[in-house]
Participant: 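Quick one: the structure is below, and I'll ask about it shortly.
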Amino acid sequence: MRVASWNVNSLKVRLPQVLEWLQEKSPDVLCLQETKLTDEKFPVAELAEAGYHALYHGQPTYNGVAILSRSVPEDGRCDWPEGSDGQARLCAGTFAGTRVVNVYVPNGQSLESDKYPYKLQWLERLRALIAKELQQWPRLLLVGDFNIAPDDRDVYDPVAWGEDVLCSPPERAALSALLNLGLQDSWRHQHGDLQEWSWWDYRAAGFRRNRGLRIDLILASNALMAEVQDVVIDRNARAAERPSDHAPVLIQLQEE
DNA sequence: ATGTCACTAGGTTAGTGA
């Protein structure tokens with residue numbers, strides 16, 4: 001099974017690139033973040049024509065997540081079990097016994113912003129949810145835009161970036177708490193000390209100068225980690241015409 | 001550390017969020 005994650009920064013704008021990428025890579029599952037579409041505007045028909053079912057959860061202007069898949073997921077979930085807080089950042093489904101949880105973690109904006117404590121609270125709620133999900137589905141992938149660079153190897157210039165948002169110790173501790181539930185950063189596990197980025201700022205020619213961060217992650221539960229064959233960041237998608245500022249990340253799991 | 005992009009509302013541009 002092959003599962004991917006991609007922050008598309010508006011599915012309305014990026015639908016042609018997404019359809020092309022689906023055709024080229026043919027993943028079983030593609031998790032999207034920042035669709036920025038209300039549910040009635042979700043391109044269900046175009047994706048069905050491409051052979052993909054869609055589970056989606058959006059809102060106007062901001063956020064929005066979706067899971068595109070060859071097969072129909074079981075136990076589909078949109079948003080928190082305790083109810084929505086008005087921000088569409090979470091959805092999940094089960095494919096052949098493998099739970100896939102798709103998240104768009106709040107950005108946080110800056111350490112001074114009120115969005116920063118929201119981010120930390122959101123991550124704590126996610127930890128509690130994943131703890132429960134792991135009990136039901138030991139085979140679990142937690143994928144998405146985490147808006148956290150796990151450590152300094154994931155930052156183009158860690159000295160310049162310092163402990164600013166996306167790299168602050170409390171954010172990294174929140175990510176560690178998630179990993180401590182029994183998950184691994186699959187890309188890092190496969191690639192040792194390699195440095196690659198999944199996001200490059202549109203501003204200041206970030207991509208041309210290869211100034212990026214690795215903030216799009218696929219966390220695999222320990223039960224799944226032995227089946228991981230490959231994890232790749234598809235930098236070509238970022239080099240394409242009218243790109244998202246994020247590249248897709250794709251994990252290949254051994255077939256049964 | 002800002003060389004962009006996408007969104008919306010409202011008035012063909014400015015604010016906002018990333």
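Side chains are part of it too, since the values below use all heavy atoms of this structure and drop only hydrogens, waters and symmetry mates. Bear in mind the structure is a predicted one, so any value in this text is a computation, not a measurement. Convention: sequence-line order gives letters A, B, ...; per-chain numbering from 1.
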Participant: What is the distance, rounded to the nearest whole Å, between atom CD of A:Glu34 and atom P of B:dA18?
Facilitator: 8 Å
Participant: Report which part of the nucleic acid A:Tyr156 touches: base, sugar-phosphate, or nothing (heavy-atom distance under 4.0 Å, all strands).
Facilitator: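 A:Tyr156: base contact, heavy atoms under 4.0 Å.
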Participant: OP1 or OP2 of B:dC7 less than 4.0 angstrom from a side-chain nitrogen or oxygen of A:Ser10, does that happen here?
Facilitator: yes
Participant: Would you mind telling me which residue lines up with the more 5' stretch of DNA chain B, A:Gly108 or A:Lys12, judged by nearest nucleotide?
Facilitator: A:Lys12
Participant: State whether the number of non-hydrogen atoms from other residues, nucleotides or ligands found under 6.0 Å of A:Glu82 atom CD is greater than 12.
Facilitator: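 Buried by this count: over 12 neighbours within 6.0 Å.
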Participant: What is the nucleic acid contact for A:Phe207, judged by heavy atoms within less than 4.0 Å: base, sugar-phosphate only, or nothing?
Facilitator: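 A:Phe207: no heavy atom of the nucleic acid under 4.0 Å.
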Participant: Nearest whole Å is fine: how far is B:dT2 P from A:Leu213 CG?
Facilitator: 17 Å
Participant: Distance from A:Asn7 atom CG to A:Trp199 atom CH2, nearest 0.5 Å?
Facilitator: 11.0 Å
Participant: How about A:Glu40: does its CD atom have over 12 heavy atoms from other parts shown lying under 6.0 Å from it?
Facilitator: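 Yes - once you tally the heavy atoms of other residues, nucleotides and ligands closer than 6.0 Å, there are more than 12.
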Participant: Are A:Lys115 and B:dG17 close enough that a side-chain N or O sits under 4.0 Å from OP1 or OP2?
Facilitator: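 For B:dG17, OP1/OP2 do have a side-chain N/O of A:Lys115 under 4.0 Å.
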Participant: Heavy-atom nearest nucleotide on DNA chain B for A:Asn63 versus A:Arg208: which residue maps closer to 5'?
Facilitator: A:Arg208
Participant: Rounded to whole Å, please give me the gap between NE2 in A:His246 and C1' in B:dC5.
Facilitator: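 After rounding, the gap between these two atoms is 12 Å.
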Participant: Would you kindly give the CG-to-P distance between A:Asp201 and B:dA6, to the nearest whole Å?
Facilitator: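 Rounded to whole Å, this separation is 13 Å.
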Participant: Could you give the NZ-to-P distance, from A:Lys36 to B:dA18, as a whole number of Å?
Facilitator: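 Going from A:Lys36 (NZ) to B:dA18 (P), I get 9 Å.
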Participant: To the nearest Å, give me how far apart OH (A:Tyr202) and P (B:dT4) are.
Facilitator: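 For the pair A:Tyr202 OH and B:dT4 P, the rounded distance is 12 Å.
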Participant: Could you tell me whether A:Glu46 atom CD has more than 12 heavy atoms of other residues or ligands within 6.0 Å of it?
Facilitator: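 Counting neighbours around CD of A:Glu46, more than 12 heavy atoms of other residues, nucleotides or ligands fall under 6.0 Å, so yes.
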Participant: Within the 4.0 Å heavy-atom criterion, would you say A:Arg209 contacts the bases, only the backbone, or no part of the nucleic acid?
Facilitator: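 Base, at least one base heavy atom under 4.0 Å.
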Participant: Counting just side-chain N and O atoms, does A:Arg14 come under 4.0 Å of either OP1 or OP2 of B:dC5?
Facilitator: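 It does not, given that no N or O in the side chain of A:Arg14 lies less than 4.0 Å from OP1 or OP2 of B:dC5.
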Participant: Using whole Å, what does the distance between atom C1' of nucleotide B:dT2 and atom CH2 of A:Trp200 come to?
Facilitator: 18 Å
Participant: Look at the side chain of A:Val13 and decide which nucleotide, out of B:dA6, B:dA18, B:dT8, has an atom nearest to it.
Facilitator: B:dA6
Participant: Grab the CG-P distance between A:Asn9 and B:dC7 for me, whole Å please.
Facilitator: 8 Å
Participant: Can a cation-pi geometry be assigned to A:Arg125 and A:Trp80, taking NZ or CZ under 6.0 Å from the six-membered ring centre and within 45° of the ring axis?
Facilitator: yes
Participant: Look at the side chain of A:Arg242 and decide which nucleotide, out of B:dA6, B:dG3, B:dG17, has an atom nearest to it.
Facilitator: B:dA6
Participant: Thinking salt bridges, do A:Arg214 and A:Glu196 make one under a 4.0 Å N-O criterion?
Facilitator: no
Participant: Between B:dG17 and B:dA1, how far apart are the P atoms? Round to whole Å, please.
Facilitator: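 About 23 Å, rounded to a whole number of Å.
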Participant: Expressed in whole Å, how much space separates the P atoms belonging to B:dG11 and B:dT16?
Facilitator: 15 Å
Participant: Could you work out the separation of B:dG10 and B:dA14 based on their P atoms and round it to a whole Å?
Facilitator: 16 Å
Participant: If we take the P atom in both B:dC7 and B:dT2, what is their distance in whole Å?
Facilitator: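 Each nucleotide's P atom is 26 Å from the other's.
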Participant: Please determine, for the side chain of A:Thr61, which listed nucleotide (B:dC7, B:dG17, B:dA6) has the closest atom?
Facilitator: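 Nearest to the side chain of A:Thr61 among the choices is B:dC7.
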